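All ligand and atom numbering here is 1-based and tracks the order in the structure. Computed from a predicted model, the values in this text were never measured in an experiment.
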Amino acid sequence: MLLRLKKGLPPLQLDAVLTEARGLGYDHRFLDEGRTLLELSGAEGRPEHRSRFEDLVGVAAVLDAGDARERHERAPGAPERAVRAGDAVFGAGAASLVAGPCAVEDADRVIDIARRVRAQGATLLRGGAYKPRTSPYSFQGLGREGLEILARVRAEVGIGVVTEVMDPREVEAVAEVADMLQIGARSMASSPLLLEVGKAGKPVLLKRGFGATVREFLLAAEYLLSTGNEDVVLCERGVRGFDTGVTRNLLDVGAVAHLKRATHLPVVVDPSHAAGRADLVRPLARAGVTAGADGLIVEVHPRPAEAHSDGAQAISVDELALVASDMRALLELEDRAFVTPGLERASA
Ligand code: PEP
Ligand code: MN
C-alpha cells in the first residue's frame, strides 16, 4: 500500500499513522526525502485498512491500495463485467437502451409507450412507481398501484422493467416486479437502502448523487457489492453545476471515461436528467456513448405537457428512434454491440 502523507506533518500525527500501520501488521519505509510517500508492506492488505488510513488526519491520499483492492476496482487485466437484466446487457462490449416515462401514471399509456420504445430497440422499460421528489407537494408516484401497472406492462409487452426503490421496506415488493432495481440520485448515499437492495438478488442501477464525487459514487456501489451482488450498473445523470439557467445538471462525461478505466462495472448515461430539456437529450446521449457508456436511459413521453413529472425533458418516440440510430452507429465504430430486444419475445 502506498500513502501520501500531508507535508510537514506534526510528530503526533505521523506517530498515529505509523502506529496504525504497525497495529495492522505492516512494515513501513519512506520513499522520498520529504517523508511524504510512505510504503507499507508485509501484511495482507484489506479494504478496511484503506479506510482506516483514509480516516487519519495525517494521510492526504491512499495512492495505491495494493492488495487492499475494493470490490469495484478493476484488477489489472480483469475483464469488464456484463450485467444482464431482462433482454438488456450492459458492459463487456455490449450496450443497451432503456427508455420510458419518468413516472408510471396510467396503465394504458405505459403499455403504449412500452410497445413503442421496444419497437425502437429499448430492451428495458423505465418508469417510477415511487418518485423521489424534491418537494413533498409534488406528485409522489402511484406506489403499489404503479407496481401493479408495471407487472401488467411486463407481462403484456414482454419487456423487462427497471424501477426505483426508495424505502428499504419496499425492496421486496419492488423486486417482485422489477428486472432491475434503481437507486435514485437522492438515495445514492443511503447505506441501509443500498444493503437491502444489494441483497434482493436483482441487478441494480445505481444513479450518481448530484453532489457526489466519483469516489463517493463508487463507495455507494461498494455497499451493494459488499452484499455479494455483483450485478451493479453505474449511472451518470449529471451533477449540479453553477449554470442551471441552461441545463438542469452538468453531464460529467469525464467521470464516464474515468469510470470505464477505474472499475469493471458497466456505466450508463442518463442524458434526460442531465439536460432537463428535450432538445439536448440527443446530443448528450451521443456524448455519453462516445465517452464509453454501456447504455443510455432516456425519458420518453408522447404528450410531455401531460406528464406529472419531468415533462420538459421527455422526448418523443420519433426522437428516441434517432437516439437509437446514433447509438447504434457510434457503437459500431468501436465494434461494440447494440443489444436489441430478444427474438423470443418479438411476438409479444
Ligand atoms: C428518475 O430516474 O426519474 C430520477 C428521479 O432520476 P434521478 O434519481 O437521477 O434524479
Ligand atoms: Mn425523471
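- Here the OG1 atom belonging to Thr36 is positioned 7.5 Å from the CZ atom belonging to Arg4, to the nearest 0.5 angstrom.
- Rounded to 10°, the angle formed at the Mn ion (ligand 2) by Glu299 OE2 and Cys102 SG is 100°.
- We find that Glu80 and Lys260 are joined by a salt bridge, their nearest charged nitrogen and carboxylate oxygen being less than 4.0 Å apart.
- The two residues Val268 and Asp294 make their nearest non-hydrogen contact at CG1-C, 4.2 Å.
- Ligand 1 is surrounded by Cys102, Arg126, Lys131, Pro132, Gln182, Gly184, Ala185, Arg186, Lys207, Arg237, His273, Glu299, each with at least one heavy atom closer than 4.0 Å.
- In this structure, the separation between CG on Leu124 and CG on Asp87 is 8.0 Å, given to the nearest 0.5 Å.
- Ile297 is listed as a side-chain neighbour of Gln182, based on a closest heavy-atom distance under 4.5 Å.
- Val323 pairs in a side-chain contact (heavy atoms from CB on, under 4.5 Å) with only one of the listed residues (Arg286, Arg282, Arg328, Gln120), which is Arg282.
- The N, O or S atom of Asp310 lying closest to the Mn ion (ligand 2) is OD2.
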Problem - Test log, rule salt bridge (charged side-chain N to carboxylate O under 4.0 Å, His left out), inputs Asp252 and Arg237 - result: CA-CA 8 Å; Asp252 190 352; Arg237 44 79 75 207; over 6 Å; no
